[in-house]
Amino acid sequence: RDIGGYQTSDLRSLRWRQIIRSENLSRLTVSDFQKLEEIGIKTVIDLSTVREHQKAPPVWQGDNPPQFHHFPVGDAQNDWFKAQRRMFRANRFTQEQALEHMKEGYRMIAEEGSPSYQKLMDVVLDQSNWPLLIHCNAGKDRAGIAVTLIMEALGVDRETIMQEYLLTNEISRVEDKAVFLAKESKGSRGSKGLARGPSASAWLPIVGVHPEMLESFYASVEEQYGSMDDFLTELGVDQQARNALGASLTAEPRDLAMVE
């Protein structure tokens with residue numbers, strides 16, 4: 001989805017058709033690729049793990065393939081991904097357990113993701129790479145954090161950032177996905193034998209997003225770096241870079257309406 005139109009603290013608006021976020025490209029339709037070609041995507045940034053990338057390598061269905069970058073956030077062999085595989089194999093978890101697991105995942109992103117997010121911001125800060133598309137596997141967590149960092153750098157307030165983040169639950173049919181997974185897991189054999197499987201509500205934090213997940217990321221950043229501003233500086237996005245990004249990626253609402 002396009003992150004254009006959101007307002008910054010100085011009442012400017014993010015330009016449309018410049019930063020797009022998505023799930024894994026292998027899940028996009030021909031129609032989706034046609035829209036991306038119309039936008040003129042120049043750059044694709046993939047934040048999935050090496051294992052995810054190898055399992056579903058990005059393939060561009062169009063006449064004008066963009067430049068691809070793979071900046072993995074997390075590793076399939078780290079403690080969090082191992083815990084997730086154990087949880088799925090056991091086929092027994094509650095909504096509370098799933099939410100706590102995902103909150104831990106966002107703390108992992110804050111702890112391990114800075115090298116890849118620094119590379120991502122290097123690409124984002126170069127206007128010649130626009131329009132660009134950012135994706136991970138599901139398109140909601142690692143890509144969601146990438147969009148959060150961009151919006152933070154541009155001075156969008158936290159409430160608006162949270163609104164954009166939670167939009168995933170509305171447009172990605174997360175309730176339908178949760179019901180489907182609950183049916184699939186019901187009666188399947190877990191690591192401890194035949195299990196009833198997690199309920200649909202238990203799957204919701206896995207397939208959707210929750211405010212506490214993003215809040216866990218913010219808390220971890222503040223614990224490790226002191227503030228989001230300091231974290232952005234660590235990523236190579238100091239005040240000068242933020243000013244330059246804002247000057248090119250935002251516009252006065254009146255000018256934005258005239259252009260778009």
Side-chain angles (χ1 to χ4, degrees), residues 1-22 39-48 66-74 106-107 109-136 139 141-165 214-215 217-253 255-256 259-260:
R1 63 182 183 260
D2 197 327
I3 69 167
Y6 289 102
Q7 195 172 73
T8 64
S9 58
D10 58 357
L11 304 183
R12 294 171 66 85
S13 294
L14 274 65
R15 292 172 55 195
W16 292 96
R17 300 165 69 92
Q18 301 302 315
I19 308 292
I20 310 294
R21 58 179 291 187
S22 169
I39 291 173
I41 296 295
K42 292 182 180 179
T43 309
V44 171
I45 301 175
D46 178 7
L47 300 174
S48 63
Q67 181 179 11
F68 288 89
H69 297 280
H70 182 211
F71 305 143
V73 175
Y106 276 69
R107 288 189 281 269
I109 290 173
E111 292 169 2
E112 300 185 15
S114 58
S116 289
Y117 285 118
Q118 181 176 9
K119 294 175 184 176
L120 177 143
M121 293 306 297
D122 285 344
V123 175
V124 171
L125 290 171
D126 185 348
Q127 189 175 353
S128 68
N129 293 317
W130 306 351
L132 61 84
L133 180 148
I134 302 168
H135 77 91
C136 50
D141 302 314
R142 289 159 290 184
I145 292 299
V147 168
T148 292
L149 294 173
I150 293 169
M151 295 178 82
E152 284 280 354
L154 292 169
V156 178
D157 67 76
R158 293 274 172 97
E159 181 178 356
T160 301
I161 291 174
M162 183 64 78
Q163 289 174 356
E164 195 285 331
Y165 172 75
L214 186 57
E215 288 166 0
F217 173 77
Y218 276 121
S220 186
V221 164
E222 291 173 5
E223 180 181 347
Q224 293 180 67
Y225 298 93
S227 68
M228 177 56 70
D229 288 342
D230 289 338
F231 182 52
L232 288 171
T233 299
E234 179 74 15
L235 299 181
V237 190
D238 57 15
Q239 192 58 54
Q240 183 177 356
R242 295 172 71 170
N243 293 341
L245 184 64
S248 52
L249 193 53
T250 68
E252 296 289 345
D255 297 335
L256 193 69
V259 171
E260 302 297 342

Check D126 with K42, please: is the shortest side-chain N to carboxylate O separation under 4.0 Å? no

All heavy atoms of P131 vs all of I39, minimum pair found to be CG-O, 3.7 Å

Between A143 and S22 the two heavy atoms that sit nearest each other are CB-O, 4.5 Å

So, does R142 use its side chain to make a donor-acceptor pair with the main chain of C136 at under 3.5 Å? no

Between A110 and S220, what is the shortest heavy-atom contact and its length? CB-OG, 3.5 Å

Are any non-hydrogen side-chain atoms of V124 and L149 less than 4.5 angstrom apart? no

Does the side chain of F231 come within less than 4.5 Å of S114's, by heavy atoms? yes

Salt bridge R1-E164, side-chain N to carboxylate O under 4.0 Å: yes

Would you indicate whether the side-chain heavy atoms of F71 and I45 approach each other to under 4.5 Å? yes

For V221 and S227, the nearest pair of non-hydrogen atoms, with its separation, is CG1-O, 4.0 Å

Do any N or O atoms from the side chain of T8 and from the backbone of L154 form a donor-acceptor pair under 3.5 angstrom? no

I'd like to know if the side chain of H70 and the backbone of S48 have a donor-acceptor N/O pair within less than 3.5 Å. yes

Below 4.5 Å, heavy atoms only, C-beta onward: do Q7 and T160 meet side chain to side chain? no

Just so I know, are the side chains of T43 and L133 near enough to count as touching, which here means a heavy-atom distance under 4.5 Å? no

Decide yes or no for R242 and D229: does some side-chain heavy atom of the first lie under 4.5 Å from some side-chain heavy atom of the second? yes

Minimal non-hydrogen separation, S248 against W130, with atom names: OG-CH2, 3.3 Å

Can you check whether Y218 reaches T148 side chain to side chain, under 4.5 Å on heavy atoms? yes

For Q239 and N243, does a side-chain donor sit closer than 3.5 Å to a side-chain acceptor? yes

N129 side chain vs V123 backbone, donor-acceptor pair below 3.5 Å: yes

For the residue pair T233 and D238, what are the closest heavy atoms and their distance? OG1-CA, 4.2 Å

Any side-chain heavy atom of V147 within less than 4.5 Å of one from Y165? no

